[in-house]
Amino acid sequence: MRRTRYCDFTWGIVFYSVEIPNKTIEIFDTTLRDGEQTPGVSFTHEKKLEIARQLDRLGVNIIEAGFPISSAGEKEAVKDISRLGLNCIVCGLARVVKADIDACLDADVGMVHTFVSTSDIQREHTIKKSREEVVAMAVEAVEYIKRHGLPCLFSAMDATRTDVDYLIKVFKAAEDAGADILNIPDTVGVASPVSMKGLTAEVYKNVRVPIAVHCHNDFGLAVANSLAAVEAGAKQVQVTMNSLGERAGNADLAQVVMSLHSIYGVRTTIRTRHLVETARVIERFSGIPISPTQPVVGANAFSHESGIHSHGVIEESKTFEPGIMTPEMVGHQRRLVLGKHTGKHAVKKILNDSGLEPTEAELNAILERVKALGDKGKKVTDVDLYAITEAVMGEVAH
Ligand code: KIV
Ligand code: ZN
């Protein structure tokens, strides 16, 4: 395979990778559907509308607004989101069942996402249909959606545990029936980046319509697997904010998008400066706290405690940050955090920024007390620092 350079830093670091077939990737956000399947999460009607508006502001291409057949309230919410006049497409989820598709139509969606289990394990234990029956149901559903003139996204649920020849057969049948995009879900998150890339490449070779990928995070590989699928030709990634979703969640929107933009040099329509603000809206509405170490949007994503790191970023932020992703790009802020690892440069910078100019002796005394507090396992807050500084500068002055 031809190797092409996709990322060239001014810092002399050059990464090489395989050529990426699509230069722009579509972002399909399923925070309101798969994200709401996070155990314990249920968004109110008003919050769903607010989330949809925020996702539209963020610039997603498609919002999966819900599963209209699941309840009257769900259908109403999808309908109201469809009528918000958003720039993005509003999509509804449906099994390959007429009643589900009708519920999507009643909700005025702009796209129907229809799905059916294709793996033997799910076919035999859940829907109890033969392989042939599944193909027939898929074809009938896609044709029904297309007869209503709507774009149709077709998903082969549990694709990564489905016999590959059979999976291709299902996809080809759905494509021939008129499906506009074919989705490869890693429903229980068992793919590895290598297997996801191989499977996507196989599907890409055999179909003509664009491919989507929907990865779950059971082994923490959802983002890597989504990117691997993009490398092999996926045009659309299905993601959620804050990695919400069934069990360990779905591929994270912020991580996938920033990797695509900054590492792969691939474009999306996401206005990345709204990422942190969007993550915080979802945190508030879902009640699921964002881990401080969550990449891109977590509180620590651009925080530095160690003396060596803080000194480095004070001089030049690229020393201990990726550089190709800055806090400004994602609506975040760089922070110097104090603790037992703190060095003199960080303390000096924080105090200087507040208009305080300790002498060298004062600075050493302040640092000693900051470290002593950190050594006790205490978090050193700004209040602690100013109290220490006042005490030290006062003491030195007396
Ligand atoms: O994980 C999954 O397979 C799904 C489908 C509905 C696409 O969420
Ligand atoms: Zn899912």
Side-chain angles (χ1 to χ4, degrees), residues 26-39 41 60 62-70 74 78 89-97 99-101 103-104 109 111-123 125-127 129 134 137-138 141-142 145 151-162 166-167 170-171 174 179-191 195-196 199-200 203 209-223 225-226 229 234-253 256 286:
E26 243 176 45
I27 302 300
F28 177 106
D29 181 278
T30 182
T31 306
L32 286 169
R33 200 278 297 169
D34 222 327
E36 211 198 14
Q37 289 173 221
T38 308
V41 171
V60 306
I62 303 164
I63 289 177
E64 186 162 55
F67 189 17
I69 193 75
S70 62
E74 179 88 349
V78 176
I89 296 173
V90 177
C91 179
L93 183 69
R95 288 167 296 185
V96 286
V97 171
D100 286 30
I101 299 167
C104 287
V109 297
M111 172 185 271
V112 180
H113 173 192
T114 190
F115 71 99
V116 64
S117 295
T118 52
S119 66
D120 290 344
I121 182 94
Q122 288 197 356
R123 259 190 330 94
H125 294 276
T126 61
I127 54 175
K129 299 284 180 197
V134 163
M137 289 162 73
V142 173
I145 294 162
C152 171
L153 163 66
F154 171 76
S155 283
M157 189 150 82
D158 209 12
T160 51
R161 292 192 299 178
T162 299
Y166 174 64
L167 180 68
V170 177
F171 276 148
D180 298 283
I181 181 157
L182 301 169
N183 184 27
I184 309 174
D186 184 24
T187 303
V188 291
V190 290
S195 66
M196 200 67 206
L199 179 61
T200 308
V203 176
V209 297
I211 297 170
V213 66
H214 175 110
C215 295
H216 278 273
N217 207 26
D218 298 70
F219 288 89
L221 292 172
V223 171
N225 289 340
S226 303
K235 172 74 183 162
Q236 179 188 100
V237 284
Q238 302 200 344
V239 288
T240 58
M241 282 307 301
N242 301 358
S243 331
L244 294 184
E246 284 276 3
R247 307 182 308 284
N250 287 62
D252 181 74
L253 184 151
V256 168
S286 66

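Each ligand, and each atom within it, is numbered from 1 in the order the structure gives. Given the structure is predicted, the values throughout are model-derived calculations rather than measurements.
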Nitrogen or oxygen of [X] less than 3.5 angstrom from that of ligand 1:
X      : result
Gln238 : no
Asp34  : yes
Thr187 : yes
Arg33  : yes
His214 : yes

For the pair [X] (side chain) and [Y] (backbone), establish whether a donor and an acceptor sit closer than 3.5 Å, ignoring hydrogens and angles.
X      : Y      : value
Asn242 : Leu244 : no
Thr162 : Ser119 : yes
Thr30  : Val239 : no
Asn217 : Gly249 : no

Task: Nearest-0.5 Å distance, CE of residue Met111 to SG of residue Cys104 - done: 11.5 Å
- [ ] Select one of side chain, backbone, both or neither to describe which atoms of Thr30 lie under 4.0 Å from any atom of ligand 1, heavy atoms only.
- [x] neither
Task: Residue part near ligand 1, for His216, under 4.0 Å between non-hydrogen atoms - done: side chain
- [ ] Would you check whether Gln37 reaches within less than 4.0 Å of ligand 1, judged by its heavy atoms?
- [x] no
TODO: Carefully, step by step, assess Asp186 and Thr160 under the rule side chain to side chain donor-acceptor pair (under 3.5 Å).
DONE: CA-CA 5 Å; Asp186 184 24; Thr160 51; 2.6 Å; yes
Open item on the list: If you consider just the N/O/S atoms, which atom of Asp34 is the closest one to the Zn ion (ligand 2)?
Closed with: OD2
TODO: To the nearest 10 degrees, calculate the angle at the Zn ion (ligand 2) involving NE2 of His214 and NE2 of His216.
DONE: 100°
Open item on the list: Asp158 vs Thr187, test: side chain to side chain donor-acceptor pair (under 3.5 Å). Steps then yes/no.
Closed with: CA-CA 5 Å; Asp158 209 12; Thr187 303; 4.6 Å; no
TODO: Report the C-alpha distance between Ile89 and Phe28 in whole Å, list the side-chain angles of each, state the deciding distance to 0.1 Å, and finish with yes or no for side chain to side chain contact (heavy atoms under 4.5 Å, CB included).
DONE: CA-CA 9 Å; Ile89 296 173; Phe28 177 106; over 6 Å; no
Task: Per-atom contacts, ligand 1 versus His113 - under 4.0 Å to a heavy atom - done: 7 (C)
